[in-house]
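Report on one structure; see the data block that follows.
Chain identifiers are assigned alphabetically (A, B, ...) following the order of the sequence lines, protein sequences preceding nucleic acid strands; residue numbering begins at 1 within each chain.
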Amino acid sequence: MKNTLKTMGISYDWNREISTCSPEYYKWTQWMFLQLYQKGLAYKKKAVVNWCPSCATVLANEQVVNGKCERCGTEVIKKELSQWFFKITDYAQQLLDDMNLLEEWPERVLTMQRNWIGRSEGARVRFSIAESNETVSVFTTRPDTLFGVTFFVLSPEHPMVEKLTKGTSFEEPVRRFKEEIAKENISEKDLAIAEKKGCFIGRYVINPMNLEKVPIWVANYVLMEYGTGMVMAVPAHDQRDLEFARKYHLPVRVVIQPKHKELSNETLQEAYSDEGTMVNSGQFNRLFSSEARRLIIDYLEEKEIGKKEVNYRLRDWLISRQRYWGAPIPIIYCPKCGIVPVPEEDLPVYLPDDVDFKPTGLSPLLSSKKFLYTTCPKCGGKAKREIDTMDTFVCSSWYYLRFCSPHLENKPFEKEELDYWMPVDQYIGGVEHAILHLLYSRFFVKALYDMGYVPFKEPFKRLFTQGMVCKDGAAMSKSKGNVVTPGNIFNQFGVDSTRVMILFASPPEVDMEWSDKGIEGAEKFLNRVWRYVYLSRSIFEETEQSNIQGKAIRKEVKLLERKMHQTIKKVTEDIENRFHFNTAISAIMELLNDLYSYDLKSSQMNRQERIILKNIIEVMIKLLNPIAPHFCEELWHQTGHDVSLYQIQWPQYDQKILQEEEILVIVQINGKLRDKIKVVRNCEEEKVIKLVLGLPKIEKWVRGKKILKTIFVPNKLVNIVLN
RNA sequence: GCCGGGAUGGCGGAAUAGGCAGACGCGCCAGCUUGAGGGGCUGGUGGGCGAAAGCUUGUGGGGGUUCAAAUCCCCCUCCCGGCACCA
């Protein structure tokens with residue numbers, strides 16, 4: 001990889017190269033963990049987590065794509081395990097709010113992050129359970145539909161289910177139902193379309209608004225992980241609840257009527273989830289639903305039966321991995337002292353080298369006795385190390401900070417270096433990192449900011465997302481193995497032709513299907529440049545004095561000079577503002593085409609003209625240099641220069657020469673192109689119109705018609721509107 | 001279902017602030033050069049009508065705004081990406 005990059009002439013500063021899997025680096029990853037741990041942002045909990053059977057490790061939510069493992073594509077299953085998490089949810093709101101600071105990020109990525117965080121506003125409402133002192137709470141985004149609650153649903157995994165059915169005649173059937181659901185084990189992907197199933201549990205809750213008793217069910221469509229693991233069902237205004245109600249013949253009660261039609265409890269086919277006028281809702285009747293929503297929340301708060309609440313879909317970041325690769329989590333378990341963090345001075349906790357890689361489902365580190373057994377830093381007694389390693393996304397969440405001080409030994413980074421380098425001015429990466437690396441890194445910087453380690457809130461000022469390069473319909477990636485090795489193309493066509501081909505194919509932000517069809521064109525272009533310079537080589541021979549007399553510079557030379565300035569402008573702007581190398585290259589091609597087509601014989605040029613042409617050729621080489629550096633460097637030396645092109649200033653364009661003194665003006669009749677005319681720049685309206693009306697083609701169209709009006713856009717166009 | 005982004009010749013793409021649609025390249029066709037091949041050079045190349053000049057049509061489809069729309073607005077179709085029984 002490094003060799004390929006070097007071969008391609010990509011100018012990284014290899015002095016700053018770091019390797020996240022080296023102890024010098026992961027020492028500081030472990031240090032980060034300890035800082036987060038001390039702040040309460042790293043914690044261990046038992047939870048239902050994603051497990052990839054093929055990788056034999058747990059995964060974070062972000063690493064499960066369509067129910068499959070992000071790395072290997074295996075269907076992910078659920079397991080209950082005790083694992084380490086980073087409390088990214090503490091930063092959910094800040095991650096959303098600070099998107100304002102990310103003005104130069106693509107909207108697409110911000111949207112993806114917004115979706116992922118999934119903020120929803122609503123209320124938490126407490127319901128008491130009938131014939132009991134217990135209460136339960138639900139989260140709802142629609143407190144205005146509270147009067148429409150006709151049943152209550154718990155997730156089958158909810159601990160309350162057992163509690164509420166214990167010792168009743170429902171205990172057995174509910175248990176059987178839970179087993180049935182668990183057995184089905186539908187994948188995450190199919191969950192959305194799976195049939196709704198439920199079971200009444202024999203108990204009731206009291207609706208705090210109207211004190212109605214409504215039955216409690218368990219059903220497979222309620223997620224344990226979101227909200228409180230239970231929902232208040234409002235079938236009239238929620239499609240899922242309606243489907244369930246119709247299947248089990250539960251009542252439906254409309255509490256919001258839309259403007260132009262009247263909904264009926266009996267015939268309702270589709271839940272109405274928009275706004276409307278409140279009905280069947282006691283003192284809130286006749287209010288508009290959005291208004292009622294506010295007032296009901298006030299009412300809930302006043303009566304202390306609920307409160308306004310914001311819920312996020314974002315889950316905490318599960319960072320434990322049962323893999324060898326990754327920094328060991330610097331934690332020691334002591335039978336006396338419990339969970340003890342490894343003291344900073346004992347870092348790094350080295351990855352052992354005597355491990356057995358048999359996939360056991362437990363971390364390979366377990367097999368290293370040397371690693372596992374240690375002493376407790378607190379009491380000195382016998383203790384065991386945490387055997388899981390950290391998600392490698394932890395390593396990559398802060399590497400850009402390390403780049404600022406890559407070899408520092410006593411600290412992860414130097415404050416002065418951060419001040420100088422950070423935040424990153426321009427970050428470039430694939431869109432596939434939108435909610436993985438980019439979200440994690442933002443979280444890290446926010447946490448480090450709050451701890452006073454970094455003086456900025458966002459790591460990356462400007463983000464550019466490259467399109468994905470696909471092959472055989474799938475994104476090219478190391479893990480999928482459908483990568484093109486550029487070696488063969490280099491050998492056959494050379495590195496610079498390959499660079500031209502890649503850059504010319506399409507602008508970098510779009511996805512593209514890999515094709516090397518353009519390689520021959522790229523090679524042809526470079527050959528044409530080479531040949532032109534070669535044919536004009538006498539220009540560069542100082543000794544040869546022009547014996548052509550005369551000072552007049554021919555029009556062709558002037559035109560070429562202007563074209564050169566236009567090209568400088570175009571190439572500079574395309575590269576600087578948009579990374580659009582494809583159009584930059586095409587501009588250079590145009591310049592070259594012009595050079596060929598004017599066919600100036602250097603032997604027939606006077607001194608002035610030779611100086612201009614020489615400059616044009618040199619500028620062309622300079623402009624092409626970022627695209628084909630090896631080629632240009634060689635040409636540069638071939639044309640008699642000793643200093644490397646890298647030390648040469650980027651060419652500047654001259655605004656005055658840039659502008660054409662004769663402008664081609666478009667002549668339209670009723671908006672249709674009919675003719676073109678050349679006029680001097682900034683020619684006044686009356687003059688141009690007069691000229692235009694004198695054109696034979698235009699005269700033909702205008703004859704016998706009445707001119708209703710004329711549109712004049714200076715230096716651009718004339719449009720004559722006829723009846 | 002919701003949220004983004006798209007759709008322009010045979011192909012990759014261009015048109016950056018509403019003003020020449022198809023820059024540049026690939027491919028293809030014809031010609032020149034060459035013993036041949038390769039290479040190079042010249043010309044042509046969205047569709048229709050035409051010998052040509054030219055006319056006409058044309059940026060996924062339909063409607064609209066405008067003197068003027070690939071570009072702005074509304075509706076629809078399809079493709080890609082994200083989220084998705086998220087209460």
Side-chain angles (χ1 to χ4, degrees), chain A residues 65-66 106-120 122 138-142 145 153 155 188-189 191-196 219-223 225-234 237-241 243-244 273 311-314 431-432 434-435 467-468 470 475 500-501 504-507 509-513 515 517-522 524-525 527-528 531 570 573-574 577-578 580 582-590 592-593 596-597 664-676 697 700 708-713 715-722:
Chain A
V65 179
N66 284 328
E107 197 48 49
R108 183 164 59 137
V109 173
L110 296 177
T111 308
M112 281 164 74
Q113 293 207 353
R114 228 174 263 127
N115 280 343
W116 189 258
I117 296 169
R119 182 194 148 100
S120 54
V138 285
F139 174 74
T140 176
T141 52
R142 295 299 298 269
T145 63
V153 195
S155 165
E188 203 140 304
K189 208 174 120 196
L191 215 62
I193 43 167
E195 198 199 345
K196 291 182 180 37
N220 61 346
Y221 75 95
V222 175
L223 303 172
E225 305 90 63
Y226 189 78
T228 58
M230 56 185 93
V231 298
M232 55 177 232
V234 187
H237 305 292
D238 183 287
Q239 189 56 30
R240 295 154 301 178
D241 296 342
E243 280 167 35
F244 194 79
S273 51
N311 233 296
Y312 301 90
R313 208 192 65 99
L314 182 70
V431 73
E432 67 273 17
I435 48 172
M468 282 186 283
C470 300
V500 170
M501 170 202 65
F504 189 60
S506 67
E509 67 272 18
V510 302
D511 292 346
M512 67 164 204
E513 178 68 24
S515 150
K517 257 169 77 186
I519 187 72
E520 282 161 48
K524 193 164 135 187
F525 165 60
N527 281 339
R528 266 164 65 81
R531 199 179 317 118
K570 172 98 180 128
E573 287 172 359
D574 280 352
N577 306 343
R578 318 192 290 165
H580 275 207
N582 59 332
T583 48
I585 294 170
S586 86
I588 302 172
M589 287 173 167
E590 282 186 48
L592 181 67
N593 288 347
Y596 269 111
S597 59
L664 191 66
V665 169
I666 302 310
V667 185
Q668 297 183 333
I669 305 247
N670 291 336
K672 278 188 184 163
L673 174 76
R674 293 302 177 195
D675 207 353
K676 299 166 192 180
K697 276 184 199 166
K700 188 182 83 188
L708 296 179
K709 82 171 149 176
T710 55
I711 312 287
F712 177 74
V713 183
N715 297 327
K716 251 196 184 138
L717 145 151
V718 171
N719 186 13
I720 299 164
V721 185
L722 302 175

First of A:Val65 and A:Arg240 reached from the 5' end of RNA chain B, by closest nucleotide: A:Val65
Phosphate contact ([N] OP1 or OP2) by [X] side-chain N/O below 4.0 Å:
X: A:Arg674; N: B:rU56; result: yes
X: A:Arg114; N: B:rC83; result: no
X: A:Lys672; N: B:rU57; result: yes
X: A:Asn582; N: B:rA14; result: yes

The side chain of [X] is closest to which nucleotide in this list: [options]?
X: A:Asn115; options: B:rC55, B:rG82, B:rG25; answer: B:rG82
X: A:Asn593; options: B:rC86, B:rG25, B:rG54; answer: B:rG25
X: A:Glu590; options: B:rA23, B:rC86, B:rC83; answer: B:rA23
X: A:Trp116; options: B:rU16, B:rC83, B:rC85; answer: B:rC83
X: A:Val510; options: B:rG4, B:rC24, B:rG13; answer: B:rG13

State which residues pass side chain to side chain contact (heavy atoms under 4.5 Å, CB included) with [X]; sequence neighbours excluded, sorted by chain then number.
X: A:Glu590; value: A:Lys563
X: A:Arg578; value: A:Asp574, A:His580, A:Thr583
X: A:Val231; value: A:Val153, A:Val222

Listed by chain and number, what are the ring pair (Phe, Tyr, Trp, His ring centres under 6.0 Å) partners of [X], not counting sequence neighbours?
X: A:Phe504; answer: none
X: A:Tyr596; answer: A:Tyr532
X: A:Tyr221; answer: A:Phe244

I want to verify the glycosidic state of B:rG48; is it syn or anti under the 90° rule? anti
NA contact type, A:Ser120, heavy-atom cut-off 4.0 Å: base, sugar-phosphate, or nothing? sugar-phosphate
With the criterion being N/O to N/O and under 3.5 Å, what pairs connect the protein with nucleotides 5-12 of chain B, and how long is each?
{"residue": "B:rG12", "atom": "O2'", "partner": "A:Ala505", "partner atom": "O", "Å": "2.5"}

Applying side-chain hydrogen bond (donor to acceptor under 3.5 Å, both in side chains) to A:Glu520 and not counting sequence neighbours gives none
Protein-nucleic acid N or O pairs under 3.5 Å, nucleotides 37-41 of chain B:
{"residue": "B:rG40", "atom": "O3'", "partner": "A:Arg531", "partner atom": "NH1", "Å": "3.4"}
{"residue": "B:rC41", "atom": "OP1", "partner": "A:Arg528", "partner atom": "NH1", "Å": "3.0"}
{"residue": "B:rC41", "atom": "OP1", "partner": "A:Arg531", "partner atom": "NH1", "Å": "3.4"}

Residues which pass salt bridge (charged side-chain N to carboxylate O under 4.0 Å, His left out) with A:Lys716, listed by chain and number, not counting sequence neighbours: none
How does protein reach along nucleotides 62-69 of chain B, written 5' to 3' as B (base within reach of a heavy atom under 4.0 Å), S (only sugar-phosphate), or - (no contact)? -----B--
Ignoring hydrogens and angles, write down the donor-acceptor pairs under 3.5 Å from the side chains of residues 665-672 of chain A, residues two or more places apart or on other chains.
{"residue": "A:Asn670", "atom": "OD1", "partner": "A:Leu722", "partner atom": "N", "Å": "2.8"}

In whole Å, what is the span from the CD atom of A:Gln113 to the P atom of B:rG82? 15 Å
